[in-house]
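Taking it in order: structure first as structure tokens, then the write-up.
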Protein chains: 2
Amino acid sequence: MTVTLADVAARAQVSPATVSRVLNGNYPVAASTRERVLRAVDELDYVLNGPASSLAAATSDLVGILVNDIADPFFGIMAGAIQSEIGGPGGRAGGERLGVVCNTGGSPERELTYLTLLQRQRAAAVVLTGGATEAAPHQAAMSAKLRKLADAGTRIVLCGRPPAPETGAFALTFDNRGGGRELTEHLIGLGHRRLGYIAGPEERTTTRHRLEGHRAALSAHGIEEDPRWTVHGRYDRRSGYEATLELLRRDPSLTAVVAANDSVALGACAALRDSGLRIPDDVSVAGFDDLPFSIDAVPALTTVRLPLAEAGARAGRIAMGREEPPPGGIATVRGELMVRGSSGVPRG
Amino acid sequence: MTVTLADVAARAQVSPATVSRVLNGNYPVAASTRERVLRAVDELDYVLNGPASSLAAATSDLVGILVNDIADPFFGIMAGAIQSEIGGPGGRAGGERLGVVCNTGGSPERELTYLTLLQRQRAAAVVLTGGATEAAPHQAAMSAKLRKLADAGTRIVLCGRPPAPETGAFALTFDNRGGGRELTEHLIGLGHRRLGYIAGPEERTTTRHRLEGHRAALSAHGIEEDPRWTVHGRYDRRSGYEATLELLRRDPSLTAVVAANDSVALGACAALRDSGLRIPDDVSVAGFDDLPFSIDAVPALTTVRLPLAEAGARAGRIAMGREEPPPGGIATVRGELMVRGSSGVPRG
DNA sequence: TCCTAGATAGAAAGCGCTTGCTGTAACGCT
DNA sequence: AGCGTTACAGCAAGCGCTTTCTATCTAGGA
């Protein structure tokens, strides 16, 4: 039924070994023979059996990309950039690799399970994007799993995620702390003294780092933070909306709201508007990431731009071994403060 | 070095066959034996060799999801919904399948290459999302490829894409034409008579169908379309911005701009604002898809809501054989007109 | 002209798993 | 007590490819 290597060999009047060598191009084959084989491949419409090939060669051409939320452009942009470097179809890369993105939905268990599945497939490389979960048991499990993958020859790259010591993983880490600090300092510089903060889910590195940056800025300027000023939520618009209403309820005198990311900031803007407050006249708003839609908010969002595409591309290249890993295996990627219309001097 | 089935068998004092059966759970194994095997698996930290398993069983647990642009939430939302039904980790599904999304970037060649790669891997199913390219050669190539995949036992589902006759593919098609028509009729009903249209890339089914719906509405109301009123572009914000400026240049008397999708509409809004025009007082704007950010535009975007998540979930279930395919293999998914602030009665 | 090295091609041994078929023991029935 | 079942477990034959080792042939070199 299905065409096999042997069929091609028969048709080309050569041995299966020769066909394999032509297809893999890692062994000298006479030009005339090669051509004959290629013609047979074409005529029979032969498609290599991936599993058989992977089994025999003990390697596969699968590269996994793990993301927390595929519906979020934050991850979509990174994943797209990574995948384009993985090569896959049309990529710049040589070997045709299958770059596949796996959606963990932010669940630690799914993250682990996907890793196992990729381990099963003997993936050539794995890129993990975005923040990690900080719960100790999960971190330990992840470390063990990553180490095992690395031992099996899978190259591991972390993109926008803190380093995982002793796992053999390369890391391109976003400077979330620095970005958060810069953002809040900008607001403080404008004169704000009462700033609400809508954080992401707890136990996430991204959440913690951005919040730490925010607090560092506050304390550096002698502003004592009121515990009521921080609310945790998910990384989505809805959460931003609700959290903002909560902040307003807790302390109506806030003059600025800093959001965990741009989607949350959008929700915050909506909540403020629905509460009859003007942006930035009554309350300034700031986001994080600078996703494409952020500039279309009205007023445009003040935020921290993260070079998602660049970082993703670099991570992809490192995963493919086409770029030197950073010295020490770790590199920090900085964000850039984008001051736009949503932040202004506080009223009064 | 690596642990194999045989190692587990030895440790559990059973034959490899038994271990395999315990792991696959498709053959009676005594409870005590099963437990012993499972313990051995655990102690040795055994991970199944995917390729070997796929080769022997002549099937794999890979399910491919093809998207045109992974950075676009339109696809991200569908992909996420599909993947969650594919099961994979944490999904409701039983068998652990690896749902992987492949980013074609809208390139026909990449689409084909990904399909070949998935064919190589003997994918269990493939879901293709979003509009298709209409160039005849490519369509023929796609048909042939899909048919071949289907023949090899891969289940094919099209989600948000027109049916592919005689390929054995199931289709969940979006009623882009109907949605486009309804949207434009809404604007006409408000009194608009001069409507600009920003279409997507040419040779795309989605582009053509939405545009046809728009034109059907116009002619149904006796409005003769001026060729200057249509501009083609990409499905992104930037394109919407530029196209809007172009439309304004061609005919400043337009009172409404209909965009190919919400991102384009956002760009259109920005262009209008930058041109000193108010929305909807001077010009009404309408989008398509109703992505999450659309409600946050100011004013909120009038658009056609497509049930992306629902359609994706259903496509995923069909791909997994957990839901009956629609009768005739084809189902049409309708959109819902969402009237919001960006559309109003024309000035004067 | 004979010998050796270089260049290709083939034979065959797996890679690690699945599964049809073959035992074998325990069970229920008459 | 004897026999047909039923319930498990094992054997062994591949699945389709890669790769090491060996064989063959041709081109130089002495």
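Each chain gets a letter, A, B and so on, in the order the sequences are listed, and its residues count up from 1.
Here D:dG16 presents its P atom at 10 Å from OH of A:Tyr46, a figure rounded to the nearest Å. Put simply, CG on B:Asn26 is 10 Å from P on C:dG20, counting in whole angstrom units. Look at CG on A:Leu23: it is 9 Å from P on D:dC17, rounded to the nearest Å. Taking atom CG of residue B:Asn24 and atom P of nucleotide C:dG20, one finds them 12 Å apart after rounding to whole Å. We find that CZ of B:Arg122 is positioned 17 Å from C1' of C:dC17, with the value rounded to whole Å. Counting to the nearest Å, the P atom of D:dA7 and the OH atom of B:Tyr27 are 11 Å from each other. One can place CZ of A:Arg21 at 11 Å from C1' of D:dT22, the figure rounded to the nearest angstrom.
Among the nucleotides D:dT19, C:dA9, C:dT18, the one closest to any side-chain atom of B:Ala57 is C:dT18. Relative to the side chain of B:Ala17, the nucleotides D:dC15, C:dT19, C:dG10 differ in distance, and C:dT19 lies closest. Comparing D:dT20, C:dT8, D:dC17 against the side chain of A:Ala52 picks out D:dC17 as the nearest. Of all nucleotides listed (D:dC17, D:dT20, C:dT8), D:dC17 comes nearest to the side chain of A:Leu48. Distances from the side chain of A:Pro28 to the nucleotides D:dC11, C:dC17, C:dT8 place C:dT8 closest. Listed nucleotides: C:dT18, C:dA9, C:dG20. Nearest to the side chain of B:Ala56: C:dT18. When each of D:dG16, C:dG10, C:dG16 is scored by its nearest atom to the side-chain atoms of A:Thr2, the top-ranked nucleotide is D:dG16. Ranking C:dG16, D:dC17, C:dG10 by closeness to the A:Leu5 side chain, first place goes to D:dC17.
OP1 and OP2 of C:dC15 both lie 4.0 Å or more from every side-chain N or O belonging to B:Asn49. Residue A:Ser15 places no side-chain N or O under 4.0 Å from the OP1 or OP2 atom of C:dA11. Remark: B:Thr18 is in phosphate contact with D:dG10, judged by side-chain N or O atoms under 4.0 Å from OP1 or OP2. One finds no side-chain N or O of A:Ser20 lying less than 4.0 angstrom from the OP1 or OP2 phosphate oxygen of D:dC17. In terms of phosphate contacts, B:Thr33 brings a side-chain nitrogen or oxygen within less than 4.0 Å of OP1 or OP2 of D:dA9.
No contact: B:Ser54 has no heavy atom under 4.0 Å from any strand. In this structure, B:Val19 reaches neither bases nor backbone, as no heavy-atom distance under 4.0 Å exists between it and the strands shown.
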Apply side-chain hydrogen bond (donor to acceptor under 3.5 Å, both in side chains) to A:Ser107 and A:Thr104, showing your working.
CA-CA 6 Å; A:Ser107 145; A:Thr104 67; over 6 Å; no
Using side-chain hydrogen bond (donor to acceptor under 3.5 Å, both in side chains), reason through A:Glu111 and A:His138 one step at a time and then give a plain yes or no.
CA-CA 10 Å; A:Glu111 186 168 67; A:His138 180 248; 3.3 Å; yes
Go through the steps for B:Thr116 and B:Thr113 under the test side-chain hydrogen bond (donor to acceptor under 3.5 Å, both in side chains), then give the verdict.
CA-CA 5 Å; B:Thr116 301; B:Thr113 319; over 6 Å; no
Using the rule given for side chain to side chain contact (heavy atoms under 4.5 Å, CB included), can you reason through A:Val3 versus A:Asp45, listing the C-alpha separation, both sets of side-chain angles and the distance that settles it, and then say yes or no?
CA-CA 8 Å; A:Val3 181; A:Asp45 212 6; over 6 Å; no
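Residue A:Arg120 places no side-chain atom within donor-acceptor reach of the base of C:dG16, judged by atom type and a 3.5 Å distance cut-off alone. For A:Arg36 against C:dT8, a side-chain-to-base donor-acceptor contact under 3.5 Å is absent.
The environment of CD in B:Glu35 is sparse: at most 12 heavy-atom neighbours from other residues, nucleotides or ligands sit within 6.0 Å.
In this structure, B:Leu55 and A:Ser32 both approach DNA chain C, and ranking their closest nucleotides by distance from the 5' end singles out A:Ser32.
B:Thr167 places none of its side-chain heavy atoms less than 4.5 Å from the side chain of B:Met142.
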